[in-house]
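Some notes on the structure that comes next.
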Amino acid sequence: MSAVVDEQVGFINEEKIISLLEAGKSADREEALDVIAKGRECRGLTLDELAILLQTRDEQAVSAMYEAALYVKNAIYGSRIVFFAPLYVSNVCANNCLYCGFRRDNKDLVRRVLTQEEIGREVEILLEEGHKRILLVAGEHAGRSGIDYIERAVGTVYNARVGSAGIRRINVNCAPLTVEEFTRLKATQIGTYQCFQETYHIDTYKLMHPSGPKADYLWRLHAPDRAMKAGIDDIGIGALLGLADYRFEVMAVLMHAQYLDSKFGVGPHTISIPRLEPALNAPAANDPPHSVSDDDMRRIVACFRLAVPYTGIILSTRERAEFRNEMIGLGISQISAGSRTSPGGYLDSKAHKPDAEQFTIGDERSLSEVMCRLCQDNYIPSFCTACYRSGRTGERFMGLAKHGEIRKMCAPNALLSLKEYLIDYAEGDTREDGERLLARSLEELSPALRSKTVDLLARIEQGERDIYV
Ligand code: SAM
Ligand code: SF4
């Protein structure tokens, strides 16, 4: 790779990705099965191994890959699925991303920057449904939704209360900041800072981001570095699937993860896999340059699960309900539910329509409906925030995950947060299904852990809240 290209794309080595993909094409079944066997050991994959799994057409290898992905997910995290709700606070944007309904040139979008009072009211609705974790999302506008605004918004979310219930973890997806601004963001006690590169393919990136601050590829690529320098050690990365060849993007995400790991001693906390959804006046969303099929999505999830076993994989409500249920079985560890992608969308159903939202939602089920289905499928819905609140972030979290310790905390904590939900919010079938799942899941804990969890569950029944191991 020439020095000129290097300057343009930083640590993303396009030539290397392309040549590894080329080499991986010719791998046979045996080679693919060997890679899958290694993935099953929860040691992660190298780029050349990933290139093989991304391309194998051998049916036996593909089903072995899916089976191994679920095995790894269960071995590390158990069967818990963490819930969050996105909270869109502003759709005003200085950028012109060709795939997004919030783009500056979309004159048909009703623009809105929520006041602090409106933010508080939105949060109350989410609290009434039982949410404990929020992903705060904003368009990029230095004047209207810059760090001053985000700082106040995070404070408002944390301070909101319904009875004694409050939001326990706020993750933030906003435009890249400077180190000084990230330091201020860190001081507001956020959990994860999330920033998707959208596409790691430089020429596609330039095409998709014709103007505005986001046109600077490297400024965005190095946002996680700046956040880490500011002390935010839980970072979420991802690519917007559909802009460039997904095989290239998945390889680049792994390259990014490896880069962060080698530079900061900790890889990304989460990887998101947003797939392009139709959006108002967003040409690239309505006619994706590289459509990603459901089959491609299955493979992407399984590949990430095997390649970066200790990283959470997030699936949003962009995807359809039935497909989400299926993807959870391939290694997804976090999902959103009951989402609105327009500022004010939870309170005002009028705001929840195409001329205000960022993109079309694929899964319209409420949190309660999704919870019910998960309980029936034997997944443990979790609102746990214990790691973040006990300081188990960044390297500490990864250290525990790599030694198989995190599962011992995730399982009881998921059950404790489920118990709170069942008592405080669940209706009808969800309560019964949830209690049955709880009883079954307790049996799967070691005797010592079971006895500790039973004690804590009894305290929750007596009215205590927010307790964890
Ligand atoms: N404005 C900030 C930014 O772009 O980084 C943060 C908020 S932006 C609303 C959050 C993410 O939404 C983007 O990073 C992009 O991946 C995703 N997104 C944008 N348009 C989308 C679409 N049509 N379908 C699915 N996801 C989309
Ligand atoms: Fe603005 Fe983000 Fe949408 Fe781009 S993706 S138009 S930066 S809100």
Side-chain angles (χ1 to χ4, degrees), residues 86-107 109 111-113 135-142 144-147 149-150 153 171-177 181 185 192-200 204-205 207-217 219-224 226-227 235-244 246 249 253 270-292 297 314-320 336 339-343 345 354 356-363:
L87 175 66
Y88 281 69
V89 290
S90 166
N91 61 11
V92 174
C93 196
N95 292 310
N96 225 347
C97 313
L98 295 189
Y99 45 80
C100 180
F102 293 175
R103 61 199 293 262
R104 195 185 57 210
D105 281 359
N106 181 4
K107 304 294 178 215
L109 190 85
R111 304 280 168 178
R112 195 163 169 195
V113 181
L135 173 68
L136 191 136
V137 186
E140 175 162 13
H141 196 283
R144 299 187 69 187
S145 59
I147 184 65
Y149 175 79
I150 304 268
N171 299 330
V172 173
N173 184 325
C174 70
L177 302 171
E181 290 168 333
L185 191 62
T192 305
Y193 170 68
Q194 198 180 66
C195 180
F196 309 147
Q197 186 60 24
E198 320 297 13
T199 173
Y200 287 86
T204 310
Y205 190 94
L207 206 69
M208 292 295 149
H209 306 100
S211 58
K214 197 161 166 179
D216 187 341
Y217 176 98
W219 177 249
R220 192 168 184 88
L221 189 67
H222 287 115
R226 295 193 299 280
I235 299 291
I237 62 172
L240 182 53
L241 300 166
L243 297 178
Y246 79 85
E249 304 288 23
V253 169
T270 54
I271 288 176
S272 295
I273 48 164
R275 175 161 57 166
L276 270 178
E277 283 298 321
L280 182 69
N281 296 335
N286 301 328
D287 185 14
H290 289 265
S291 277
V292 175
M297 287 297 280
I314 303 181
L315 187 67
S316 75
T317 52
R318 290 171 179 89
E319 303 298 336
R320 308 174 321 275
S336 49
S339 305
R340 298 283 182 264
T341 63
S342 49
E357 67 186 6
Q358 190 202 6
F359 52 80
T360 315
I361 299 276
D363 182 354

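Bear in mind that the values here come from a model prediction, so they are computed numbers and not experimental data. In listed order, ligands and their atoms are each counted from 1.
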> What is the distance from atom OG of S291 to atom CG of L241, rounded to the nearest 0.5 Å?
Replying inline: 11.5 Å
> Among the heavy atoms of G242, does any lie under 4.0 Å from an atom of ligand 1?
Replying inline: no
>> Suppose I only count heavy atoms of V137 and a 4.0 Å limit; which atoms of ligand 1 are within that range?
In response: 7 (C), 9 (C)
>> For atom 3 (C) of ligand 1, which of the options R103, R318, E140, R220 provides the nearest non-hydrogen atom?
In response: R220
> Without hydrogens or angle criteria, can the side chains of E140 and N95 be said to hold a donor-acceptor pair below 3.5 Å?
Replying inline: yes
> A138 heavy atoms, cut-off 4.0 Å: which ligand 1 atoms fall inside?
Replying inline: 1 (N), 2 (C), 6 (C), 7 (C)
> Can you tell which part of F196 has a heavy atom less than 4.0 Å from ligand 1: side chain, backbone, both or neither?
Replying inline: side chain
> Looking at residues at least two apart in the chain, or sitting in another chain, which of them share a side chain to side chain contact (heavy atoms under 4.5 Å, CB included) with A153?
Replying inline: Q116, I119, L136
> Going by chain and residue number, what protein N/O/S atoms come nearer than 2.8 Å to atom 1 (Fe) of ligand 2?
Replying inline: C93 SG
>> Please list the nearest protein heavy atom to atom 18 (N) of ligand 1 with its residue and the distance rounded to 0.1 Å.
In response: Q358 NE2, 3.2 Å
> What closest approach, in Å, do M208 and L243 show between heavy atoms, and which atom pair accounts for it?
Replying inline: SD-CD2, 3.8 Å
> Sub-3.5 Å donor-acceptor pair from the side chain of R275 to the main-chain atoms of V292, do we have one?
Replying inline: yes
> Can you tell which part of N173 has a heavy atom less than 4.0 Å from ligand 1: side chain, backbone, both or neither?
Replying inline: both
> Which of the atoms in ligand 1, numbered in the order shown and given with their element, are less than 4.0 Å from a heavy-atom of A285?
Replying inline: 23 (N)
>> Quick check on side chain to side chain contact (heavy atoms under 4.5 Å, CB included): which of E319, R318, M297, E249 does I273 satisfy it with?
In response: M297
> By side chain to side chain contact (heavy atoms under 4.5 Å, CB included), which residues pair with T270, not counting sequence neighbours?
Replying inline: T192, I314, Q334
> Is there a heavy atom in G139 that sits closer than 4.0 Å to ligand 1?
Replying inline: yes
>> To the closest 0.5 Å, what do you measure between SG (C97) and CZ (R104)?
In response: 10.0 Å
> Of the choices H209, K214, R275, E198, which has the non-hydrogen atom that lies closest to atom 15 (C) of ligand 1?
Replying inline: E198
> Distance from W219 atom CH2 to R226 atom CZ, nearest 0.5 Å?
Replying inline: 3.5 Å
> Is the backbone of A279 close enough, under 3.5 Å, to the side chain of N286 for a donor and an acceptor to pair up by distance?
Replying inline: yes
> How far is atom 24 (N) of ligand 1 from its nearest protein heavy atom, and which residue and atom is that?
Replying inline: E277 N, 3.0 Å
> Can you list the residues that meet the side chain to side chain contact (heavy atoms under 4.5 Å, CB included) rule with D287, with sequence neighbours excluded?
Replying inline: none
